[in-house]
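Have a look at the structure below before the remarks.
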There are 2 protein chains.
Amino acid sequence: MHRQAPTLEDVAREAGVSRATVSRVVNGVRNVDPGIQDLVRSAIERTGYTPNRAARALVTRRTGTVALIVSGAGDAFVGHVFADPFFGRVVNGVVGYLRLHAMQPVLLFAESEAARKQVVDYVRQGSADGALVVSVQPDDPLPDMLLSARVPTVLFARPARTVPVSCVDLDHHAGGRLAAEHLVARGRRRLAVIGAPPDLRAGRERLAGFRAALARAGRDSPPVAEGAFTLDSGARAMAALLRDHPAVDGVFAANDLMAQGACQVLRELGRRIPEDVAVVGFDDADIAVTCRPPLTTVRQPVEDMAAAMARLLGEQVQGTRTEPRTLVFEPELVVRQSA
Amino acid sequence: MHRQAPTLEDVAREAGVSRATVSRVVNGVRNVDPGIQDLVRSAIERTGYTPNRAARALVTRRTGTVALIVSGAGDAFVGHVFADPFFGRVVNGVVGYLRLHAMQPVLLFAESEAARKQVVDYVRQGSADGALVVSVQPDDPLPDMLLSARVPTVLFARPARTVPVSCVDLDHHAGGRLAAEHLVARGRRRLAVIGAPPDLRAGRERLAGFRAALARAGRDSPPVAEGAFTLDSGARAMAALLRDHPAVDGVFAANDLMAQGACQVLRELGRRIPEDVAVVGFDDADIAVTCRPPLTTVRQPVEDMAAAMARLLGEQVQGTRTEPRTLVFEPELVVRQSA
DNA sequence: GTGAAAGCGCTAACAT
DNA sequence: ATGTTAGCGCTTTCAC
């Protein structure tokens, strides 16, 4: 019972002009008589016309949407991606940029070989003008697949192998340094690290930066317990560190979730934070604020990075810039109560 | 320098058949000779053909995407939506259903009058087959706008006014009852409630259910402090309750975030949980598990509800079912350590 | 400055 | 069972 949606044709008839003229008005092309413009505009108003996106996309080969792909391995993957507040921040940053440019993000998950194929097909079908990729896997095949499908692509975080693709990243080394310098300045002498899985470059660099700053301050290299970016793994790592180094008085955790886990263990063992043990996290996630005590942490400007990612993609799609670019952001120390 | 993407025409030429036949094979229509099917399939393989979505959408009037709209009022809105893990769960549920049906969600935010117009236009342009709406505002104009634009729509949570639209919701009353019964069974005698803003129906019903169960158990109606679903507001409400009712030994918070805030205040004031004060939350968010102590809470099956929402929309788009339906889900008590 | 006409890549009658 | 044909609604040369 749908009355057909009005088309350009309908508006043209209503305004007594040709389709071409209406199209020009709708798309803001100059060379249209102001009087006729008004005529057309009121006809659009009267008919309630809205341009059909599919028809437009068919001829312009632009859709006005970009794929926002969360890519990584496995399992209950999709179920847990948004459990990590990190992705929410990415979405916010991307949306913040796109909406100013009348573009929309399509959310895609690429957690398996099959899903990756689907995702690549989706963008190849011209359903999106380009792809923004957030990988949670050290060696993700997706960027290569996208590239060889000639899809404009921008990555969050540099890939393990060098690939000719634009990306935004953080200066993780500087982040580690900030954490070390802060703990040293607070007079902490027996430091320890809750690290990331060693195959993640970001984690390695945070650790390297932390170590380098300590060495510069004349300190020994700290003991490291490996975590997996989860609250639980942070708690376990903290317990292990305390067992082997009971006198520890300062801890650097490679993300806030693990820092929170560490805090829980410390408190349960009766250590005061920061008096007995100072804790520094990484990311400045929401939990850094709500955690008890609130976390001193190295802030990663995720929203800004995500917005930049969208901007880079926009430039690439428009052809404004074609050669790949890497944008590296600076972390910032946020001092709260845990250190 | 883009070599043109291969079209149906190219495949047809390669296979020595007509476009129509290729189309039939691609779309799995029967009445195609098996031999020819193989011929076509290998031609598709050789050319690397992928159907163009815009062209397909133009004729079928189906896009294979649905709008996932987060709607509500104001401010730093977009920046905070994903801070609430609730939306992540909705996304997960929706994606879980859609991917089985080769559909994709487009993420839209409608936080202002202007944004709402944009969003409605977007779907009216035929960019999506329908809309899934999650409102965070008691009296949201968006559903009405969508309906009068004849967009197939399904809501998360019943709207304040009765609107002829499908929706999924929780039996909040039953949820409140579960919380009350549990606290009573645990022998708590002086109960209190950290409630929701009174204009939210869900909050009112949780409270009503809680009260009704208490009345049935012969208890007095509990004191209520109003919160705003945030950690902070929960902490403040708890502080206020303790001030006015220092002997309270059981608390029901209308969501987990407020329950966590309450726990923080209780611990800081030296109350043991659950020995001195038992705390029951609502939702079963991730923080219910990571909170110290882990929260006993009323689980809302958000993922299932979101999946059902997607399914209802699918049926509506296909025309399988046209009259609006309301699906009400049952909450479930999850007992952990806080009560 | 405006209109006529071609065609984007696909599906779906209809004809064979 | 397969091919022919007519559009879907729009943008965009190319004439005028």
Side-chain angles (χ1 to χ4, degrees), chain A residues 2-41 43-44 47-64 121-129, chain B residues 2-41 43-44 47-65 102 121-129:
Chain A
H2 282 282
R3 123 180 76 52
Q4 276 297 10
T7 73
L8 218 45
E9 186 71 48
D10 298 325
V11 179
R13 199 179 316 111
E14 179 82 15
V17 298
S18 75
R19 287 210 306 276
T21 300
V22 179
S23 174
R24 288 187 187 105
V25 173
V26 169
N27 294 293
V29 178
R30 43 175 197 298
N31 294 345
V32 178
D33 182 285
I36 296 209
Q37 287 197 30
D38 290 347
L39 221 60
V40 170
R41 265 189 254 285
I44 289 176
T47 52
Y49 169 76
T50 322
N52 178 307
R53 247 180 134 91
R56 189 177 265 182
L58 186 55
V59 28
T60 60
R61 290 154 184 295
R62 284 280 174 70
T63 63
D121 267 359
Y122 183 83
V123 276
R124 284 192 55 215
Q125 290 172 343
S127 313
D129 299 335
Chain B
H2 281 283
R3 124 180 75 56
Q4 275 298 7
T7 73
L8 262 192
E9 187 71 50
D10 298 325
V11 178
R13 199 177 318 110
E14 178 81 15
V17 298
S18 75
R19 288 211 305 279
T21 300
V22 179
S23 175
R24 288 185 188 109
V25 173
V26 170
N27 294 293
V29 178
R30 47 179 192 298
N31 294 345
V32 178
D33 182 285
I36 296 208
Q37 288 198 29
D38 292 345
L39 220 59
V40 170
R41 264 188 253 284
I44 289 176
T47 51
Y49 169 75
T50 323
N52 179 307
R53 249 181 134 93
R56 188 178 268 180
L58 185 56
V59 27
T60 60
R61 291 154 181 297
R62 285 283 173 70
T63 63
T65 75
D121 266 0
Y122 183 82
V123 277
R124 282 193 55 214
Q125 291 171 343
S127 314
D129 299 335

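Protein chains get the first letters and strands the later ones, always in sequence-line order, with residue 1 at the start of each. Hydrogens, waters and symmetry mates play no part in the numbers below; they use all other heavy atoms, side chains included. Computed from a predicted structure; not experimentally measured.
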Which of residues 49-63 of chain A have a heavy atom under 4.0 Å from DNA chain C?
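Within residues 49-63 of chain A, the residues near DNA chain C are A:L58, A:V59, A:R61.
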
Where along residues 14-23 of chain B does a heavy atom fall under 4.0 Å from DNA chain C?
B:R19, B:A20, B:S23

Quick one: [atom1] on [X] to [atom2] on [Y], what's the gap to the nearest 0.5 Å?
| X | Y | atom1 | atom2 | value |
| --- | --- | --- | --- | --- |
| A:R13 | A:S18 | CZ | OG | 13.0 Å |
| B:R24 | B:Q37 | CZ | CD | 11.5 Å |
| A:L8 | A:Y49 | CG | OH | 4.5 Å |

Whether B:N27 contacts C:dT11 is assessed here as follows: a side-chain N or O lying under 4.0 Å from the phosphate OP1 or OP2. Is that the case?
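Yes, within the criterion.
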
Integer-rounded Å distance: [N] [atom2] and [X] [atom1]:
| X | N | atom1 | atom2 | result |
| --- | --- | --- | --- | --- |
| A:I36 | C:dT2 | CD1 | P | 4 Å |
| A:L8 | C:dA5 | CG | C1' | 14 Å |
| A:R13 | C:dT2 | CZ | P | 20 Å |
| A:Q125 | C:dC8 | CD | C1' | 16 Å |
| B:N31 | C:dT16 | CG | C1' | 14 Å |
| A:E9 | D:dT11 | CD | C1' | 14 Å |
| B:R24 | C:dA12 | CZ | P | 11 Å |

Helical bend (five base pairs per end, nearest 10°) for the helix from C:dG1-D:dC16 to C:dT16-D:dA1
40°

Does any N or O in the side chain of [X] come within less than 3.5 Å of the main-chain N or O of [Y], such that one atom is a donor and the other an acceptor?
| X | Y | result |
| --- | --- | --- |
| A:S127 | B:R53 | no |
| A:N27 | A:V29 | no |
| A:T21 | A:V17 | no |
| B:E14 | B:I44 | no |
| B:S23 | B:R19 | no |

Within a strict 4.5 Å, meaning less than it, do heavy atoms of the B:N52 and B:T7 side chains meet?
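Not touching, per the 4.5 Å side-chain cut-off.
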
Is the shortest side-chain heavy-atom distance between A:R56 and A:V26 below 4.5 Å?
yes

Would you classify A:D33 as touching base, sugar-phosphate or nothing, given that sugar-phosphate means primed atoms plus P, OP1 and OP2, and contacts are heavy atoms under 4.0 Å?
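Sugar-phosphate, backbone atoms only, no base.
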
Side-chain donor-acceptor pair present, A:D129, A:T63, cut-off under 3.5 Å
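Yes, because at least one side-chain N or O of A:D129 sits under 3.5 Å from a partner of the opposite role on A:T63.
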
